[in-house]
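Just below is one structure, and these are the notes that go with it.
Note that the structure is a prediction, hence the values are computed from the model and not measured. Residue numbers begin at 1 in each chain, while the letters A, B, ... track the order of the sequences.
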Amino acid sequence: MIKAIRGTRDILPPSSAVWNHVDSVARSVFRTFNYQEIRTPVFEETALFARGVGEETDIVSKEMYSFDDRDGTSLTLRPENTASVIRAYIEHRLDQIPGLKKLYYIGPMFRRERPQKGRYRQFYQIGAEAIGSDSPVIDAEVIELAIEILQQCGVKGWRLLINSVGDPESRKRYVDVLRERLAGVKDKLSPDNQRRSETNPLRVLDSKEPQDEPVIEALPSIHEYLNEACRAHFARVCELLAARGIPYEVTPRLVRGLDYYTKTTFEIRHGALGAQNSILGGGRYNGLAELLGSRVAAPGIGFSIGQDRLVMTIEEALSKTGLGRLDLFIAALGDAAVNHCAQLAAELRRSGLSVELSADPKLKRALETANKTGARFTLIVGDNEIAAGTYALKEMESGNQNVVARDAIAAAVRASRQ
RNA sequence: GCGCGUGUAGCUCAGCCGGUAGUAGCGCCAGAUUGUGGUUCUGGAUGUCGUGGGUUCGAAUCCCACCACGCGCCCCA
């Protein structure tokens, strides 16, 4: 039997209703923050990610789905979307279009990692990019936007961690110091971190190895090495978050895995996710456009929500709200009733209700089916009803049944929806 | 990529010191008055015991490999 390939999965009802709900909540919040949608291809030239995300990152060095096109060009399924968005921004000179600086996207990304709960090889991100400004006001607004989406989706119990990784010059100074300090205590580190102390000293900071705790505690904070501009920028972001009433935790050891980050980085964690506790990550990337060949500077900041993980945290709670339930099941008893109800069903559907029209002549069976379908109401239409010109409307949960006129059906069903 | 664990009906699982698969629960199908479901009762269907190989007279049960999933590491959304 052919099965979905490792790390990919089918999203089936009723779960798909939760996914749709998240999509539409996100789109509606984006609209209120004046973000517009961009759709980029799911595959690009490999070079885009190699340069944009960084050759040294795990994503590029071992997780990309790459293949050769017939002409030999190396292509890659996008492992993330920021590089593509910036590529499109440069390619179409979006900096020249007034009022177009805030973009969002929703779609699948691909990374060849070991699948786990909350980690898939095809996974979905809801993300945003605000391009063209280095103002800390934008940083705070982007973070606010991300949190607003989570909250409107009903996510509870999140923690916002923020940090500054400085500009390249500040960071280089810090990494040099780190490398030097770690070299002195290398024998006290775990094997993984001994290796990293040379290749990527920043990574040592957020190691989970208990034996490395004392060494890490003793290391200096990156904040001691930030230059004045970075320091002021970060302070202002914190100030603006406080002004918005957003709780945050400054986490000097927060290190993110993409090379393009500068200044502000942030992450939102959620307890219910196991080892993959990060539900959202983001940061500023002031040098990315130039790195990708832009002649004009395009500082930006963005974030990306793991939709799989977001859905995971709210699915259970949302399943109790009747999301996606059928509004009305019409039990048309007999051919005459079916003819009569065809028009009625069409009217009700046009009014926005979800309607199932049953042609089962046996009422008992029709009600059984209505029950299994999860319909909130059943409208009973037989010879009696057609003759009388009124219908029997039954609320399935309570079993209560009322006689209603044709033009009162939609209102009655809608009245109990919320 | 590494380590540990799990894999039996649609779902949750029992069986596992080898001897023809469970009246198991839930679900599904049919029936119990010709227009009233969801609670009850009766009857019924369903499994290459994850896949492939090995040991054995005989393997769901022991061994090996592979695959899938879960947990942890790495890393990230």
Which whole-number value in Å describes the distance from [X] [atom1] to [N] [atom2]?
{"X": "Leu202(A)", "N": "C75(B)", "atom1": "CG", "atom2": "P", "answer": "12 Å"}
{"X": "Leu254(A)", "N": "A77(B)", "atom1": "CG", "atom2": "P", "answer": "11 Å"}
{"X": "Asn277(A)", "N": "C74(B)", "atom1": "CG", "atom2": "P", "answer": "12 Å"}
{"X": "Leu12(A)", "N": "C11(B)", "atom1": "CG", "atom2": "P", "answer": "12 Å"}
{"X": "Ile386(A)", "N": "G35(B)", "atom1": "CD1", "atom2": "C1'", "answer": "13 Å"}
{"X": "Lys364(A)", "N": "U33(B)", "atom1": "NZ", "atom2": "P", "answer": "8 Å"}
{"X": "Asn371(A)", "N": "C28(B)", "atom1": "CG", "atom2": "C1'", "answer": "15 Å"}
{"X": "Arg365(A)", "N": "G37(B)", "atom1": "CZ", "atom2": "C1'", "answer": "12 Å"}

Looking at every strand, decide which applies to [X] at a 4.0 Å heavy-atom threshold: base, sugar-phosphate, or nothing.
{"X": "Gly7(A)", "result": "sugar-phosphate"}
{"X": "Asp308(A)", "result": "nothing"}
{"X": "Glu80(A)", "result": "nothing"}
{"X": "Met396(A)", "result": "base"}
{"X": "Arg112(A)", "result": "sugar-phosphate"}
{"X": "Ile380(A)", "result": "base"}
{"X": "Ile279(A)", "result": "sugar-phosphate"}
{"X": "Arg111(A)", "result": "base"}
{"X": "Tyr124(A)", "result": "nothing"}
{"X": "Gln116(A)", "result": "base"}
{"X": "Gly399(A)", "result": "base"}
{"X": "Glu397(A)", "result": "base"}

> By centroid distance (under 5.5 Å) and plane angle (under 30°), are Phe123(A) and A77(B) in a stacked arrangement?
Replying inline: yes

Nearest listed nucleotide, side chain of [X], among [options]:
{"X": "Arg119(A)", "options": "G35(B), G37(B), C74(B)", "result": "C74(B)"}
{"X": "Lys394(A)", "options": "U36(B), G35(B), C4(B)", "result": "U36(B)"}
{"X": "Leu333(A)", "options": "G70(B), G37(B), G35(B)", "result": "G35(B)"}
{"X": "Glu368(A)", "options": "C29(B), G37(B), C74(B)", "result": "G37(B)"}
{"X": "Lys117(A)", "options": "G35(B), C71(B), A77(B)", "result": "C71(B)"}
{"X": "Asp58(A)", "options": "A77(B), C74(B), C69(B)", "result": "C74(B)"}

> Given that Lys372(A) and Glu385(A) both sit by RNA chain B, which one's nearest nucleotide is further toward the 5' end?
Replying inline: Lys372(A)

>> Using heavy-atom distances to pick each residue's nearest nucleotide on RNA chain B, tell me which of Lys62(A) and Ser304(A) is more 5'.
In response: Lys62(A)

> Does Arg9(A) have a side-chain nitrogen or oxygen under 4.0 Å from the phosphate oxygens OP1 or OP2 of A68(B)?
Replying inline: no

>> Check this one for me: any side-chain N or O of Arg6(A) less than 4.0 Å away from OP1 or OP2 of A68(B)?
In response: yes

> Is there a side-chain contact between Asp308(A) and Trp19(A), using heavy atoms and a 4.5 Å cut-off?
Replying inline: yes

>> Less than 4.5 Å apart, side chain to side chain, heavy atoms only: is that true for Ser74(A) and Glu45(A)?
In response: no

[N] pairs with which nucleotide, Watson-Crick or G-U wobble, both distances below 3.5 Å?
{"N": "C49(B)", "value": "none"}
{"N": "A30(B)", "value": "U42(B)"}
{"N": "U23(B)", "value": "none"}
{"N": "G58(B)", "value": "none"}
{"N": "C4(B)", "value": "G70(B)"}

Separation of the [atom1] atoms in [N] and [M], to the nearest angstrom:
{"N": "G22(B)", "M": "G47(B)", "atom1": "C1'", "value": "11 Å"}
{"N": "G15(B)", "M": "A21(B)", "atom1": "C1'", "value": "8 Å"}
{"N": "C63(B)", "M": "U56(B)", "atom1": "P", "value": "16 Å"}
{"N": "U23(B)", "M": "A9(B)", "atom1": "P", "value": "16 Å"}

>> Evaluate Arg121(A) against Phe110(A) for side-chain contact (heavy atoms from CB on, under 4.5 Å), listing each step before the verdict.
In response: CA-CA 5 Å; Arg121(A) 289 183 173 181; Phe110(A) 307 84; over 6 Å; no

>> Less than 6.0 angstrom separating the ring centers of Tyr285(A) and Tyr261(A), yes or no?
In response: no

> How about Tyr174(A) and Tyr225(A): are their ring centroids closer than 6.0 Å?
Replying inline: yes

>> Can you say whether a donor on the side chain of Asp383(A) sits under 3.5 Å from an acceptor on the base of G35(B), or the other way round?
In response: no

> Any side-chain donor paired with an acceptor under 3.5 Å for Tyr65(A) and Arg111(A)?
Replying inline: no

>> Checking Thr73(A) against Asp68(A): is there a side-chain donor and acceptor pair closer than 3.5 Å?
In response: no

> Ion pair present between Arg284(A) and Asp134(A), side-chain N to carboxylate O less than 4.0 angstrom?
Replying inline: yes

> Can you tell me how far the OG atom of Ser304(A) sits from the CD atom of Glu129(A), to the nearest 0.5 Å?
Replying inline: 8.0 Å

